[in-house]
Protein chains: 2
Amino acid sequence: MNLPPLNLTEEWLDRLQASGYRLTQPLRRIVELLVASPRALGPIEIYDLVRVHYPNLGLVTVYRTLEKLEALGLVQRVHQEDGCHRYLRATQGHQHLLICTRCGRATYFAGDDLSRLIRHTEEETGYLVQDHWLQLYGLCPACRQ
Amino acid sequence: MNLPPLNLTEEWLDRLQASGYRLTQPLRRIVELLVASPRALGPIEIYDLVRVHYPNLGLVTVYRTLEKLEALGLVQRVHQEDGCHRYLRATQGHQHLLICTRCGRATYFAGDDLSRLIRHTEEETGYLVQDHWLQLYGLCPACRQ
DNA sequence: GATTGACTTGAAAATGATTTTCATTTATAA
DNA sequence: TTATAAATGAAAATCATTTTCAAGTCAATC
Ligand SMILES: [Mn+2]
Ligand SMILES: [Mn+2]
Ligand SMILES: [Zn+2]
Ligand SMILES: [Zn+2]
C-alpha cells in the first residue's frame, strides 16, 4: 500500500527509487532545488546553487541527474537561443510553456486548440501533421510592475 | 534603376553586396546551396556539400557566412533537439515552420490565429503575452508514400 | 589591365558545454 | 555489519563554435 507523498520532493524521490536509482546526497540536493524553482535552470546554475550548501558536488553529477529526471519525465528541457538547455519541472498532460522574458519565470498553460489550423495547413501543404511545438513569451505579473 | 533579380541566388548576392559585403567564391557557393535546399542544413553539412565542388572551403567561413545571412534575414536558425542549429532560407512576414520528421523537408505556413488562446491564457495566468513560437511536425507528401 | 588596401579567407589555437573514463565512495540488500 | 553494484568527482576527451592572425582576394581607382 503506497501512502501519498508528503510533498513534491518526496514524490520525485519515490519515483526515482521505484525506478531503481539510489537516493544519494547529491541527487537529493538537486531534486530539492529543481522542485522549488519557478524558472528553468541550467546545469551550471544548478551546480553553483547546490554547492552553496553542498560544496563537494561535481558538475558531472548535475548532468547525470538531469538525465535521469528527464528520462522519468520529471523535468523538461527548455531550449535557449544559444543552443544550451535549461531544465524545468514538467507537468502531466498536454501543456505548453509561457515564459517571462525578463525574469525567466515559467508557467504551464493548457487549452490550445490548433486542430483547425492543422487541418488547414495539411490541405495547403500536403503534409501529415503529427505533432506541434508551441511556446509563449511575455512578462510575468511581477515583471509587468 | 534596379532591374529585378534573375533568381533567388542573385537576389541574395545583391542584398549582400548592397550591405557592403564582397562577393567571394566561398560566399557564392554557400548561398547557392542554401537557396536550393528544401531542408535546413547544419554548418558541417554545408561544409561537406560545398567542398564536393570547392575543396578549399574552411568550416570557419561557413559559420561567418551564416552569420551574415542571418543578420540580413535571408536565413533562419532552426533549433535541434541536441542544441545545435540548422539554417533554412527565411520567408517574409509572420510564418511558421512545418518540418518533416523523416526527411527534414521544411515548409512555411501562415494563418495561425492564436489571439483567443493568448487572451485566455493572459486572463488565467496574469502574464502579458508578447510573442510566440510555433512549429509543426509531421510527414511531407513524399514521405507519406 | 595593373595597383592598392581593406575585407575575407583558412589553419591553428582557444573556448565552453557536454561526455567519457576510471579510481574511490556510498547506498542498500543480505 | 558486510558485500557489492551503483553513484560520485576529478581529469581527460569530445564536439560545436569562436578567436587569432598571416596570407589571399575582391573591387575601387589609376
Ligand atoms: Mn498543444
Ligand atoms: Mn504565429
Ligand atoms: Zn518575470
Ligand atoms: Zn519527408
Side-chain angles (χ1 to χ4, degrees), chain A residues 9-10 12-34 40-72 74-75 77-87, chain B residues 10 12-34 40-72 75 77-87:
Chain A
T9 299
E10 292 305 318
W12 285 29
L13 294 175
D14 286 352
R15 287 280 309 278
L16 285 157
Q17 194 162 49
S19 304
Y21 296 116
R22 293 182 177 178
L23 304 186
T24 66
Q25 279 303 311
L27 179 82
R28 288 172 190 275
R29 310 292 181 130
I30 293 169
V31 165
E32 280 166 16
L33 179 66
L34 280 168
L41 300 173
I44 308 269
E45 280 178 293
I46 296 169
Y47 179 57
D48 288 336
L49 287 167
V50 169
R51 269 188 312 160
V52 171
H53 294 294
Y54 186 78
N56 279 39
L57 180 72
L59 179 56
V60 193
T61 302
V62 175
Y63 279 100
R64 286 189 283 227
T65 303
L66 289 171
E67 207 177 316
K68 294 172 187 169
L69 295 175
E70 198 193 3
L72 292 183
L74 296 172
V75 299
R77 291 160 74 130
V78 179
H79 300 267
Q80 284 189 103
E81 239 350 276
D82 65 0
C84 298
H85 294 110
R86 293 210 172 104
Y87 294 82
Chain B
E10 291 307 317
W12 285 28
L13 293 176
D14 286 350
R15 287 280 309 279
L16 285 158
Q17 194 163 48
S19 303
Y21 297 116
R22 292 185 179 174
L23 304 186
T24 64
Q25 280 303 312
L27 179 82
R28 288 170 190 275
R29 310 291 181 130
I30 294 169
V31 164
E32 278 167 18
L33 180 65
L34 281 168
L41 300 173
I44 309 269
E45 280 179 291
I46 296 169
Y47 179 57
D48 288 337
L49 288 168
V50 169
R51 270 189 311 159
V52 171
H53 294 292
Y54 186 78
N56 278 40
L57 181 71
L59 179 56
V60 194
T61 301
V62 174
Y63 279 100
R64 287 190 282 227
T65 303
L66 289 171
E67 207 178 317
K68 294 172 188 170
L69 294 175
E70 198 193 2
L72 292 183
V75 299
R77 289 159 75 133
V78 179
H79 299 266
Q80 283 190 103
E81 239 350 275
D82 65 1
C84 299
H85 294 111
R86 293 211 174 105
Y87 294 80

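Residue numbers begin at 1 in each chain, while the letters A, B, ... track the order of the sequences. Being a predicted model, the structure only gives us computed values, none of them experimental.
- With contacts defined as side-chain heavy-atom distances shorter than 4.5 Å, the pair B:Ile30/B:Tyr54 does not qualify.
- Spacing between atom CZ of A:Arg29 and atom P of D:dT8 amounts to 13 Å, rounded to whole angstrom units.
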Sugar-phosphate means primed atoms, P, OP1 and OP2; the rest is base. With that split, encode nucleotides 18-30 of chain D 5' to 3' as B, S or - using protein heavy atoms under 4.0 Å. BBB----BBS---
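- Between the CG atom of A:Asp14 and the P atom of C:dT28 there is a distance of 12 Å, rounded to whole Å.
- The NE2 atom of A:His79 sits 16 Å away from the C1' atom of C:dA17 (whole-angstrom rounding).
- Distance check, rounded to the nearest 0.5 Å: OH of A:Tyr63 to OH of A:Tyr47 gives 11.0 Å.
- Atom OH in B:Tyr47 sits roughly 13 Å away from atom P in D:dA16 (whole-Å rounding).
- At a threshold of 4.5 Å between non-hydrogen side-chain atoms, the residues B:Arg64 and B:Val60 count as touching.
- Note that CH2 of A:Trp12 is 14.0 Å distant from CG of A:Leu23, once rounded to the nearest 0.5 Å.
- Rounded to whole angstrom, the span from the CZ atom of A:Arg51 across to the P atom of D:dG9 amounts to 11 Å.
- In this structure, the nucleotide among D:dT8, D:dA16, C:dT9 sitting nearest to the side chain of B:Thr61 is C:dT9.
- With C:dT18, D:dG9, C:dG10 as the candidates, the nucleotide lying closest to the side chain of A:Leu57 is D:dG9.
- With rounding to whole Å, B:Tyr87 atom OH is found 13 Å from D:dA16 atom P.
- Protein atom CD1 of B:Ile46 is 14 Å distant from nucleotide atom P of C:dT9, rounded to whole Å.
- The closest side-chain heavy-atom distance from A:Arg15 to A:Leu74 is below 4.5 Å.
- The interatomic distance linking B:Leu66 (CG) with C:dT8 (C1') rounds to 15 Å, in whole Å.
- Within the 4.0 Å cut-off from OP1 or OP2 of C:dC7, not a single side-chain nitrogen or oxygen of B:Lys68 is found.
- The only option from B:Leu69, B:Leu49, B:Val50 that meets the side chain to side chain contact (heavy atoms under 4.5 Å, CB included) definition with B:Leu34 turns out to be B:Leu69.
- Side-chain contact between A:Thr24 and A:Thr61: absent, with no pair of heavy atoms (C-beta onward) separated by less than 4.5 Å.
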